[in-house]
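Working notes for the structure below.
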Amino acid sequence: MNLPFAESYKIKMVEPIRRSTREEREKWMKDANYNLFKLKSDYVFIDLLTDSGTGAMSDKQWSEMMLGDESYAGARSYFNLKETIKNILGFEYVLPTHQGRAAENVLFSALIKEGDIIPGNSHFDTTKGHIEFRKAIALDVTIDEAKDTQCELPFKGNHDLKKLAEVMAKHRDKVPFILVTVTNNTAGGQPVSMECLKGVRAIADQYQKPVVFDSARFAENAYFIKTREKGYENKTIREIVKEMFSYADTMTMSAKKDAIVNMGGFIATKHQDLYEKACMYNIMFEGYVTYGGMSGRDMNALAQGLHEGTEFDYLETRIKQVEYLGKKLDEYGVPYQRPAGGHAIFVDAKKVLEHVPREQFPAQTLGVELYLEAGVRGVEIGAILADRDPITKENRFPELELLRLAIPRRTYTNNHIEVIAAALKNVYDRRNSITKGFKIVKEQPIMRHFTVDLERVN
């Protein structure tokens, strides 16, 4: 018989987690004003809020931390990281930052001005926040099929190249760069094909515009290209990665995802003039150019993580665990963004909670119900995250109203996955009894979902 699939690692250290009672969770959720971000981690049994910085580092990464050079300027840990990025990703100039949104803040300070338009495939929350904070416009040109959660496409995160070409023709003078997010998180962790990357590059070249990659999950994207796109099945992950980034001028990365570290990020570019301009902002916001908000030990762990994160066996283990959750939900009839994404399952809250009006935030309601059911914490990717329109101040209601269940890397076993699936089934089975959601009682003008206060609709 064929051998079953098994993880490509063994467990060396564990951290206890505690089950709680329904009564405890109801009190904790109310005290947190029904904002899942405001729960103490000790109150969470299985934490799927994010895959950012929540993975388990390897023995080699921990060893590298002991070798960190903590010199303020010119640390060998920086040059180790710089060489690793050049070898794996192909970029010459590197600026470390403490995480991805810091990289966006530095880079966008150098590139974006008021009135600019930045077309891209579903800008994520911090990306859109940094753009709109600068009074610019984040314009989504993702393919329309991404809005249909039940549509099965191998590269549902793609740009609609026709839409992108129309934007460039109409707004050429207002577009400082084209953004590519790999994988496309907001659309459900969906990958972008190499064919699409080539197409974006061709349009950028036509209008002489740079291409910037948001690269938090670039390795997962490369895995999908290898396993789904014709002509790449025999290429290695690193060969695919090199080609992917050959179509980019600059990249930002939250290394807390595919580099499997708890903190860290960077900007990398092929252009010395942009690097020198960004250096000024990096020194202002992050730190000197050879550490930029990171310790030497963190840069060492990040460099090692880039090696491990681009290994096929690791990626196969990671993505098959996400697929496993998807298959369990298929058994139970729970609808989610199909096919399963690289880092998370995105449950279609509009299809689960059909009786909860969009003004009462179905995805947030589903997230609260899942936590109350089993202590499982996810995150809303819907109208609360979408914020208000900066001009009209009205709530934006996106086509997709999703509950994201982000799977930390090398952290949970498939037994945990089965608990998550069973808890969702229980909520799904009683879905018709859930008819009311939440209203906002306090919010910030940008990226409100992190700190928003809610109360139940009576």
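Keep in mind that this is a model prediction, so the values were computed, not measured.
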For this session: Examine R338 relative to Y336 and say whether NZ or CZ is less than 6.0 Å from the centre of the six-membered ring and inside a 45° cone about the ring axis.
Result: yes
Using the ring pair (Phe, Tyr, Trp, His ring centres under 6.0 Å) criterion, which residues pair with [X]? Sequence neighbours excluded.
{"X": "H416", "answer": "Y412"}
{"X": "Y93", "answer": "Y275"}
{"X": "F312", "answer": "Y223"}

May I have all residue pairs that pass salt bridge (Lys or Arg N to Asp or Glu O under 4.0 Å) and include part of [range], sequence neighbours excluded?
{"range": "residues 119-135", "result": "E132-R396"}
{"range": "residues 401-411", "result": "D51-R409, E220-R409, D258-R409, E308-R410"}
{"range": "residues 263-291", "result": "none"}
{"range": "residues 161-180", "result": "D144-K163"}

Output all residues satisfying side chain to side chain contact (heavy atoms under 4.5 Å, CB included) with [X], sequence neighbours left out; order by chain, then residue number.
{"X": "K442", "answer": "D453"}
{"X": "A278", "answer": "L95, V106"}
{"X": "R18", "answer": "S20, E24, W28"}
{"X": "I225", "answer": "F155, M194, N221, E229, Y232, I240, M244"}

Distance alone, cut at 3.5 Å: any donor-acceptor contact between the side chains of [X] and [Y]?
{"X": "N300", "Y": "S77", "result": "yes"}
{"X": "E104", "Y": "T126", "result": "yes"}
{"X": "D313", "Y": "S8", "result": "no"}

Considering all heavy atoms of both residues, which atom of [X] and which atom of [Y] are nearest to each other, and what is their separation?
{"X": "N282", "Y": "P96", "value": "ND2-O, 3.3 Å"}
{"X": "H343", "Y": "T183", "value": "ND1-OG1, 4.3 Å"}
{"X": "A344", "Y": "A406", "value": "CB-CA, 3.6 Å"}
{"X": "A255", "Y": "V261", "value": "O-CG2, 3.2 Å"}

Seminar exercise, completed: In short, ring-ring contact (aromatic ring centres under 6.0 Å, His included) pairs touching residues 103-142 with sequence neighbours left out are F108-F177
Problem set entry | Pair Y291-E70, side chain to side chain donor-acceptor pair (under 3.5 Å): steps then yes or no | CA-CA 9 Å; Y291 78 91; E70 306 303 340; over 6 Å; no
Exercise. Quick one: do K156 and E145 make a salt bridge, cutoff under 4.0 Å?
Worked result: no
Exercise. Can a salt bridge be assigned to the pair E443 and R388 using a cut-off of 4.0 Å between side-chain N and carboxylate O?
Worked result: yes
